*Asks:* 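I am attaching a structure below and will ask some questions about it afterwards.
Numbering of residues begins at 1 and proceeds along the displayed sequence. In this text, all values refer to a predicted model and were calculated from it rather than measured experimentally. Remember, it's 1-based here, ligands and their atoms both numbered in the order they're listed.
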Amino acid sequence: MIDKGIQELAHQAGNHRVELTVEAFKKAVVDNLYYVRGQGALTASKNDIYSALAYTVRDYLIDRFRKTIDTYSHQKNVKFVYYLSAEYLPGKQITQNLLYTGTTELAKLALAELGFDLDELIEIEAEPALGNGGLGRLAACYMDSMATLNIPSIAYGINYEFGIFKQSFQNGFQMETPDEWLYYGNPWEFPQSDNRVEVGFGGQTTLVTGTDGKIHVHWKPEKTVLGEPTHMLVPGYGTSNMNVLRLWKAKASKEFDFQLFDIGDYARAAEQKISSENLSKVLYPNDHSPQGRELRLKQEYFFVSCSIHDILRRFFAFQDNLENLPDYAVIQLNDTHPVLAIPELMRILMDEHGMEWDAAWKITRNMFAYTCHTLLPEALEKWPVSLFEYLLPRHLEIIYDINARFLDEVKSRYPNDLDRIIRMSLIEENPERMVRMANLATVGSFSVNGVAELHTSLLQSLVLKDFSIMMPEKFNNKTNGVSPRRFLRISNPRLSGLITAAVGDGWEANLNQLKELEQYASDAAFRQSWRVIKGQNKVELSEIILKQTGVRVTPDSMFDIMVKRLHEYKRQTLKALHIITLYNRIKNNPDLQITPRTFIFGAKAAPGYHMAKMIIKFINSIAEVVNQDLDIGDRMKVVFLPNFNVTLAEKIYPAANLSEQISMAGKEASGTGNMKFALNGALTVGTLDGANIEILERVGEGNFFTFGLSVDEVFDLKSRGYKPYVYYENQPELKLAIDQISNGVFSGGDKNLFKPLVDTFLYQDLFLNLADYASYVHCQDQVDKAFVDVEEWTKKSILNSARMGFFSSDRAVRQYNDEIWKVKPLPPG
Ligand code: F58
C-alpha cells in the first residue's frame, strides 16, 4: 500500500518529529523554524517561534491523521456524519492540540531549554472567531466529542477571512474593528486546492433531452464561483482518531475571468474577481435576527453546494449506486443556515444524475437531520422568493415541487383546513412571498431536534406545532452539552489537578466520574483546597480586569458574572437594575453591611442592534458611577470586559462564584454558558428557562437559586395584558432606579441618552424585566446570605461540579449518534 510506504519513509526520515522526548521536540521546533519558516536564531520573531511550535505540534497530529485515513481506506464502507454549520468557534488550537497529543509538558521543557516561555507563545495565537455565540461554540464542542468518540465525521463550514468583529469601548460605547485572524497566516490549515468545487448563481433553467432520451432540467447559471477547501485537524481526546473541519473559501472562477479578458475588459474582470471572492470575506455579526441580505444567502448556498459536492466525491471514491448514499452519509444541519443542502442534493440527484423525483426524494429525506436553536419567531430565517428567482432559480423550482407534494399530503390528512395549509406551506404569501427555511428543514429531514427539554417541547407546542402534530415521530430532544476538555481541563488546570487527585484519571472523557466528588463536599480539607483554587483563579481574572479596564477589583468579593451575547431577551438590563438597587441601598445607608460583589459583564452586541448597544453604554455608565463613588468603596465594583470570546471565556468561567442565567422564561433555547459555569463550581441564579431547568434538576434545589415567572406564568401574564408601569409605581426601589436613569444620574445629567431604555421599561417591556424584578432582587438577597457561609457555599460549589456529568458534549453526541446518525464508531488501527 502506497500510503503505508510513505508513512514508513516519513518516519525513517523524520521520526524525531513525532518522538515523545524533549530532545526530539526541541529538534523538531528548530527544524520547523529553519526549514518551514526559513529563520535562524538571530532573525526569528516571536511569531516565527510560535509558528515553529505550531508546526511541531501539527506533525504529531498529521501522524494520527494518516493512521485514521488508513483505517477508513481499509474499511471502504464507512458511514460518515457530515456536520453542516455556518459557524464554528473552536478557540485556540494550540492548547487543545498540545493536550490531545500529550505534548504540553514536552513543549514547555523543550521551549524553556530554547529560551522561550510556552504560555507567552500560546498568547500569540489568534482564535478562529468564525461564529457569533452559542451556536458556533456548540458546533466546536460537538466536533471535539465526535473525534473523541471515534465517530467518522467531517464538519463543513465557511473560511471567513474576517470573523466576528473585535469589540472595544470608546466612552462606554461599543466600537467594532475587523478581526483579522488570518493576518499572520494559519499554521493549522491544509489547503486542498485539488478538491475545488464550482458553484453557480443566477441564470435560467431549460428543459433538455438527455442522451438517455429522457427530459431533464438544465440549469445554466449566469455566474460561477469556485469553492476552495482547506482543512484543520480535529483530534480526539484519549484516542488517536483525527477528524477534520473543512472550510470553504470563495475563489474567482478562471473561466469566467478569461471571458472578460478576451474582450479586453481587464478592469471589469478584476472587479468581478473581487466580487466573487467577497463571498466568504466576512461573517455576519448578527444573532437572533437574520438580516436577509443577498450576500448572506449566497454564502449559505455557496458552502452548502461545495459540501454536498464534496460528500458525493467522497461517496464515489468507493461506491457507485446512489441509492445507497444514506448508508454512507448522514447530514446534520446546524440550524437553518445550511438548509439549502436539501434542494441542492435533489438538484444534483435529478439534474446531474438523471434520477426521478421519487427516488431522489427518498434518498434526500433519509439523509438530513435538523437542529433548531431558537424560540424567537424573528430568528427563523425567511428569504424573499424574488431573491431566489434571481439567485437560485432551479432551487426555487425544486422548493415549489417539494411544497406542492407536501401540501397535497397535508390536504389529504386535513381536508378543508385552509388555515393549516397557509401555516405549513414552505412559502409565506403575505405581506411578501418568502421561503420559510424552518419549514423546508422540517419537511426535508427525518429528524428535528431542539436543544433542551423545554425548548423541544415549546418547538412542538408552538413554533413547529402543526408539523409536530402531523409527524410526531420526527421530533426529538437533544439537550446541549459542553466539552469537559476545553471548559475544565484546559481552562481550569488547577481545579482539574485537584479533581484528578480526588477521583483519578479519566474524568475528561467520562464526566460522570465527577459524581465521586460528592463525598468530598463534606471533607473540610478538600473544601479548603477547592476554595484556594477558586481564589487563585479570581486573582488571575482580577489581573486581566485591571489590564483591560483599569479597574482594581477585590478577589475576596463575590464574582457575579454575566457573559453571553447582548440581547434584550437575555436581560442584562435586569442585572443592571439589581446593581442600581444595591448601589442605592448603600447610598441610603452608608454603613450597610452587604456581601461585597464584583459584577462582571462580557457581551458583544450586533452592530445594527441599537437597543443592545445602548444597554452596553448603560452598563458602562453605571460602572463609572459606582466604581468612582467613595461611599461604595470595595463593596461593589462593576466591570465590562471588552471582546468576550472563547479565549477570554476560558479565564472567566473558572473564576466565577455566581453565574447569571436570567433570560425571560421561554426564550433561551438552551444556553451552554450555564453549563460551563456550573462545571467550574459557580452557583447559578437562573430562571426556569432552557437548560437551566435540567441543571437545577441535577444539582438539586438547595444548590441553585431560581426566581421569576415560569413559561406558563409568562404566557398568562401576557394574555391578561401586561402593564409594566404598575410594577414601577408599586415598588419604591424599582421606581427610584428607573427615575434615576430617567433623570440622568447615570448619564452625567443627560436625560435623553437612556430615554429609549426607560420608555421600553415603562411602556413595553417585552421581556418582563419589571415583572421579574422583585423576585430577582429577593433571590439575590438570599444569594448574599448564602455566600457569607463560606463552608456551605463551598459544599454547594463542589456539588455543582460533581453533578454536571450529564452536560458533557460526549453524552450529547452519543445521543445524536445512537438516536439519529447511527454511525459505527471506528477507532483507528
Ligand atoms: C443559541 N443560538 C441559542 N444562534 O440562543 C442558545 O440558547 C443555545 O444554547 C445555543 O444556540 C446552542 O444551541 C445562537 O447562538 C446564533 O448565534 C445565530 C447565528 C446566525 C444568525 C442567527 C442567530
*Asks:* Can you find an N or O of G671 that's nearer than 3.5 Å to an N or O of ligand 1?
*Replies:* yes

*Asks:* Heavy atom under 4.0 Å from ligand 1: found in R565's side chain, backbone, both, or neither?
*Replies:* neither

*Asks:* Taking the six-membered ring where the residue is Trp, are the ring centres of F601 and F644 under 6.0 Å apart?
*Replies:*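 No, the ring centres sit 6.0 Å or more apart.
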
*Asks:* Counting each atom of ligand 1 from 1 as listed, which ones have a heavy atom of A669 under 4.0 Å away?
*Replies:* 7 (O)

*Asks:* Ring-plane angle category for Y156 and W248, please: parallel below 30°, perpendicular beyond 60°, tilted otherwise.
*Replies:*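 Judged by the thresholds at 30° and 60°, the geometry between Y156 and W248 is parallel.
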
*Asks:* E176: what forms a side chain to side chain donor-acceptor pair (under 3.5 Å) with it, not counting sequence neighbours?
*Replies:* Q174, K613

*Asks:* Can you sort out the partners of Y816 under side chain to side chain donor-acceptor pair (under 3.5 Å), two or more places apart, ordered by chain and number?
*Replies:* N449

*Asks:* Need the ligand 1 atom indices (1-based, order shown) with element for anything under 4.0 Å from a heavy-atom of E668.
*Replies:* 3 (C), 5 (O), 6 (C), 7 (O)

*Asks:* Side chain, backbone, both or neither: which part of N286 comes within less than 4.0 Å of ligand 1 when only heavy atoms are counted?
*Replies:* backbone

*Asks:* Would you indicate which of H337, E381, K570, H373 comes nearest to atom 18 (C) of ligand 1 when only heavy atoms are counted?
*Replies:*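 It is H337 whose heavy atom sits nearest to atom 18 (C) of ligand 1.
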
*Asks:* Quick one: look at T374 and ligand 1, take heavy-atom pairs under 4.0 Å, and tell me if it's side chain, backbone, both or neither.
*Replies:* neither

*Asks:* What about the rings of Y773 and H578, do their centers lie closer together than 6.0 Å?
*Replies:*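 No.
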
*Asks:* Below 30° counts as parallel, above 60° as perpendicular, anything between as tilted: where do the rings of H567 and Y569 land?
*Replies:* tilted

*Asks:* Quick check with a 6.0 Å cut-off and a 45 degree axis cone: is K604 positioned over the face of F165's six-membered ring?
*Replies:*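 So K604 does make the cation-pi contact.
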
*Asks:* Using a 4.0 Å cut-off to any heavy atom of N480, which atoms of ligand 1 qualify?
*Replies:* 8 (C), 9 (O), 12 (C), 13 (O)

*Asks:* Answer with side chain, backbone, both or neither: which part of Y142 has a heavy atom less than 4.0 angstrom from an atom of ligand 1?
*Replies:* neither

*Asks:* Quick one: does NZ or CZ of R811 land under 6.0 Å from the six-membered ring centre of F806, within 45 degrees of the ring axis?
*Replies:*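 Here R811 passes the 6.0 Å and 45° test against F806.
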
*Asks:* Starting from atom 19 (C) of ligand 1, find the nearest protein heavy-atom neighbour and note its residue, name and distance.
*Replies:* E87 OE2, 3.3 Å

*Asks:* Around atom 5 (O) of ligand 1, find the nearest protein heavy atom and jot down its residue, atom name and distance.
*Replies:* H288 NE2, 3.0 Å

*Asks:* Under 4.0 Å from ligand 1, counting heavy atoms only, is it the side chain of R137, its backbone, both or neither?
*Replies:* neither

*Asks:* Could you say whether the N/O atoms of R296 and ligand 1 ever approach to under 3.5 Å?
*Replies:* no

*Asks:* May I ask you to check whether L135 has an N/O atom sitting below 3.5 Å from an N/O atom of ligand 1?
*Replies:*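 It does: an N or O of L135 is found under 3.5 Å from an N or O of ligand 1.
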
*Asks:* Going by the order shown, which atoms of ligand 1 are within less than 4.0 Å of some heavy atom of Y569?
*Replies:* 5 (O)

*Asks:* If you count every heavy atom of other residues, nucleotides or ligands that lies below 6.0 Å from K281 atom NZ, does the total exceed 12?
*Replies:*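 Yes, because the 6.0 Å sphere around NZ of K281 holds more than 12 heavy atoms from other groups.
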
*Asks:* Any chance you could measure N439, atom CG, to M424, atom CE, to the nearest 0.5 Å?
*Replies:*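 Between N439 CG and M424 CE, I get 8.0 Å after rounding to 0.5 Å.
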
*Asks:* Nearest protein heavy atom to atom 17 (O) of ligand 1, by residue and atom, and its distance?
*Replies:*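 Going by distance alone, atom 17 (O) of ligand 1 is nearest to N132 CB, 3.9 Å.
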
